[in-house]
Amino acid sequence: MKKKITGGLIVAAGKGVRSGSKIPKQYLHFGNKTILQKNIENFINEPLIDFVQVVINEKHIDYYKKTIAKINSSKLLPK
């Protein structure tokens with residue numbers, strides 16, 4: 001039987017207006033990681049997921065780069 005390929009899509013393009021924060025809530029830190037980083041790592045560490053694509057707001061590219069800087073996985077597709 002042919003192996004199915006499964007991808008994870010994380011939609012993280014929000015502005016976080018309702019949170020009242022100066023930065024979007026997906027980039028807020030809880031402990032030493034951002035919310036988005038924790039979510040990406042959860043997807044990457046799931047054996048049934050073959051790749052992960054994150055959708056971000058193009059205005060948040062600097063936040064995103066900082067978030068993924070410590071993630072070293074071929075499962076995470078480039079932006």
Side-chain angles (χ1 to χ4, degrees):
M1 183 174 0
K2 193 174 184 180
K3 180 188 181 302
K4 291 184 179 182
I5 296 175
T6 304
L9 182 65
I10 300 173
V11 181
K15 296 178 184 177
V17 174
R18 290 179 294 165
S19 70
S21 175
K22 291 183 181 184
I23 65 170
K25 64 184 169 207
Q26 62 270 33
Y27 300 106
L28 293 176
H29 279 83
F30 281 99
N32 61 348
K33 297 180 181 181
T34 66
I35 295 170
L36 180 56
Q37 183 180 0
K38 288 180 180 189
N39 281 285
I40 291 170
E41 289 174 349
N42 286 337
F43 275 76
I44 287 171
N45 292 327
E46 171 53 56
L48 297 175
I49 303 251
D50 297 301
F51 66 89
V52 178
Q53 178 68 66
V54 182
V55 179
I56 65 166
N57 184 321
E58 64 184 16
K59 294 178 182 177
H60 302 152
I61 191 72
D62 290 334
Y63 291 129
Y64 182 71
K65 286 180 180 180
K66 287 178 188 175
T67 292
I68 65 165
K70 294 182 181 178
I71 298 174
N72 185 18
S73 174
S74 61
K75 285 186 171 186
L76 181 60
L77 298 179
K79 158 62 191 91

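A donor-acceptor distance shorter than 3.5 angstrom exists from the side chain of Gln26 to the backbone of Gly14, with no hydrogens or angles considered. In this structure, the side chain of Thr34 engages the main chain of Gln37 through a donor-acceptor pair within 3.5 Å.
Applying the salt bridge (charged side-chain N to carboxylate O under 4.0 Å, His left out) test to every pair with at least one member in residues 44-59, sequence neighbours left out, gives these pairs: Lys3-Asp50. Under the salt bridge (charged side-chain N to carboxylate O under 4.0 Å, His left out) criterion, the residue pairs touching residues 7-35 are Lys33-Glu41, with sequence neighbours excluded.
Under the 4.5 Å side-chain criterion, counting only non-hydrogen atoms from C-beta, Val52 is in contact with Ile44. In this structure, Leu28 and Ser21 have side chains that are in contact, with non-hydrogen atoms separated by less than 4.5 Å. Residues Leu36 and Tyr27 have side chains in contact (heavy-atom distance under 4.5 Å, counting atoms from C-beta outward).
Taking each heavy atom of Ile49 and Gly8 in turn, the nearest pair found is CG2-N, 4.0 Å.
With side-chain heavy atoms closer than 4.5 Å counting as contact, directly or through intermediates, the hydrophobic cluster containing Val11 also holds Leu9, Val55. By the 4.5 Å side-chain criterion applied to Ile, Leu, Val, Met, Phe, Trp and Tyr, Leu77 is assigned to a cluster that also includes Ile5, Phe51.
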Pair up each side-chain donor or acceptor in residues 61-73 with any protein partner under 3.5 Å, not counting sequence neighbours, and list the distances.
| from | atom 1 | to | atom 2 | distance (Å) |
| --- | --- | --- | --- | --- |
| Thr67 | OG1 | Tyr63 | O | 3.0 |
| Ser73 | OG | Lys75 | N | 3.1 |

